[in-house]
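For reference, the structure discussed in these notes is given below.
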Amino acid sequence: MTLPPSRTPRPPRRRAGPLAAACCAVLSLAAPARAADLATAPAPAATAFSPPPESKWQFSAVLYGWATGINGNLGIRDLPTFPVDASFADILSHFDGAVMGSFLAKKDNWTLFADLFWSQLSASKSVDDGRGTQLDLSQRLLIVSGAAGYRLPIGGPGFDLSATAGFRYQRLTADTTLSSFGGILSVSETDVKDWLDPVFGLALQYRINEKWFLNALADVGGFGLPSSSKLTSQGLISVGYNWTEAWSTAIGYRALYTDYESVTGPRANFRYETTLHGPFMSIAYHF
């Protein structure tokens, strides 16, 4: 809305003096400069907090084959301990099947990993006693491991060394069948031994370049705790190649030592001091 002009008579104007005119000229020159200064002055930057991008979990699923040999000593019941020395070629002749795989999850400084190893062996032996006696033996070994690792503040880019803590569960099942006279007489027995070991160690992941990498693992555990072995230790080293961002392969060597003894009665003594060792190959899918 526009107001109407006032009807009140205006007083007569007075002429400005020379001093007033000079002041007006100075102010008229200074006003545009001041306006220009205000127009060109940078506006204060808006302060906004941008949280760092959240890191994501990285996963790896691995299938591998471990060509194991075994060396050590075994003892059952009250019988003397006897040595065991079998190469992978010896074991392969009695090999029935196996499942081997591992899974790894990683985020920031944390690494979680699990490993599964299962194998079955069988053997038959004839006893020359005139009765056609035959001994059939089937053995299954299950090893399940799990651990968490935290990256240590050492090394440079591509060098990831973590302290680890976890467990290793081993279960050994033996099925024995003794038959005579063509199977007319038969006696079967199943013996199961299992134990759970706490383990502590170190895990290394070293990226040599964009394609090649090196992995290593070492742990020790058992310590003679209840339902654990006297001592168990493991060592692994491998070198791998990244074919794509999703697929890689590796080849290496792994050894697992276990010293376990269980005495549940005068004639129920089980002794298992062995080293499983041999080369392995793996293929991994990363996502």
Side-chain angles (χ1 to χ4, degrees), residues 65-102 114-146 167-199 221-222 224-232 234 254 256-278:
W66 185 18
T68 57
I70 181 170
N71 300 94
N73 298 284
L74 294 176
I76 56 175
R77 297 187 176 93
D78 55 351
L79 300 176
T81 300
F82 59 92
V84 176
D85 185 5
S87 66
F88 175 66
D90 297 330
I91 292 177
L92 193 60
S93 62
H94 303 285
F95 181 75
D96 288 340
V99 177
M100 308 175 196
S102 60
D115 183 83
L116 170 68
F117 174 89
W118 178 88
S119 68
Q120 178 170 315
L121 306 174
S122 63
S124 297
K125 184 177 181 179
S126 297
V127 180
D128 187 11
D129 59 356
R131 295 177 295 180
T133 302
Q134 180 171 306
L135 176 64
D136 296 318
L137 174 65
S138 176
Q139 177 182 291
R140 296 180 297 277
L141 175 62
L142 172 67
I143 304 174
V144 179
S145 304
F167 70 91
R168 181 158 49 247
Y169 172 76
Q170 299 188 61
R171 179 186 178 93
L172 185 63
T173 304
D175 298 325
T176 306
T177 301
L178 189 66
S179 58
S180 301
F181 301 107
I184 297 177
L185 297 178
S186 180
V187 177
S188 298
E189 181 180 351
T190 298
D191 194 13
V192 178
K193 297 296 182 182
D194 63 338
W195 57 95
L196 179 67
D197 294 320
V199 292
L225 298 176
S227 301
S228 298
S229 65
K230 294 180 179 179
L231 181 66
T232 181
Q234 177 179 222
R254 179 183 181 185
L256 172 62
Y257 171 78
T258 303
D259 183 4
Y260 174 75
E261 183 175 4
S262 172
V263 181
T264 56
R267 301 187 62 185
N269 188 349
F270 175 75
R271 301 174 300 281
Y272 180 81
E273 183 185 2
T274 64
T275 300
L276 299 174
H277 61 93

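Everything numeric here is computed off the predicted structure, so don't read it as measured data. Nothing fancy with the numbering, it's 1 onward along the sequence.
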Audit row: Lys193, Tyr272, side chain to side chain contact (heavy atoms under 4.5 Å, CB included) steps and yes/no | CA-CA 10 Å; Lys193 297 296 182 182; Tyr272 180 81; over 6 Å; no

Could you state the interatomic distance from NZ (Lys230) to CZ (Arg271), rounded to the nearest 0.5 Å?
-> 9.5 Å

Rounded to the nearest 0.5 Å, how far apart are OG1 of Thr274 and OH of Tyr257?
-> 8.5 Å

Taking all non-hydrogen atoms of both residues, which atom of Thr232 and which atom of Asp197 are closest, and how far apart?
-> CG2-OD2, 3.5 Å

Under a 4.5 Å cut-off applied to non-hydrogen side-chain atoms, are Asn269 and Glu261 in contact?
-> yes

Counting N and O atoms only, with roles assigned by atom type, does the side chain of Ser228 sit under 3.5 Å from a partner on the main chain of Leu196, one being a donor and the other an acceptor?
-> yes

Straight-line distance of Leu116 CG to Ser145 OG, nearest 0.5 Å | 9.0 Å

Between atom NE2 of His277 and atom OG1 of Thr68, what is the distance when rounded to the nearest 0.5 Å?
-> 8.5 Å

Looking only at heavy atoms, the pair that brings Ser102 and Asp115 closest together is CB-OD1, 3.5 Å

Where Gly69 and Ile91 come nearest, the two heavy atoms and their spacing | CA-CD1, 4.0 Å

Would you check if Thr258 and Arg168 make a side-chain contact, meaning some heavy-atom pair closer than 4.5 Å?
-> no

Interatomic spacing from CG in Leu142 to CZ in Phe117 - rounded to 0.5 Å | 9.5 Å

The reported gap from CZ in Arg254 to CG in Leu256 (rounded to nearest 0.5 angstrom) is 6.5 Å

Under the side chain to side chain contact (heavy atoms under 4.5 Å, CB included) criterion, do Tyr260 and Leu172 qualify, and how do the steps go?
-> CA-CA 11 Å; Tyr260 174 75; Leu172 185 63; over 6 Å; no

Is a salt bridge present between Asp175 and Arg140, judged by a nitrogen-to-oxygen distance below 4.0 Å?
-> yes

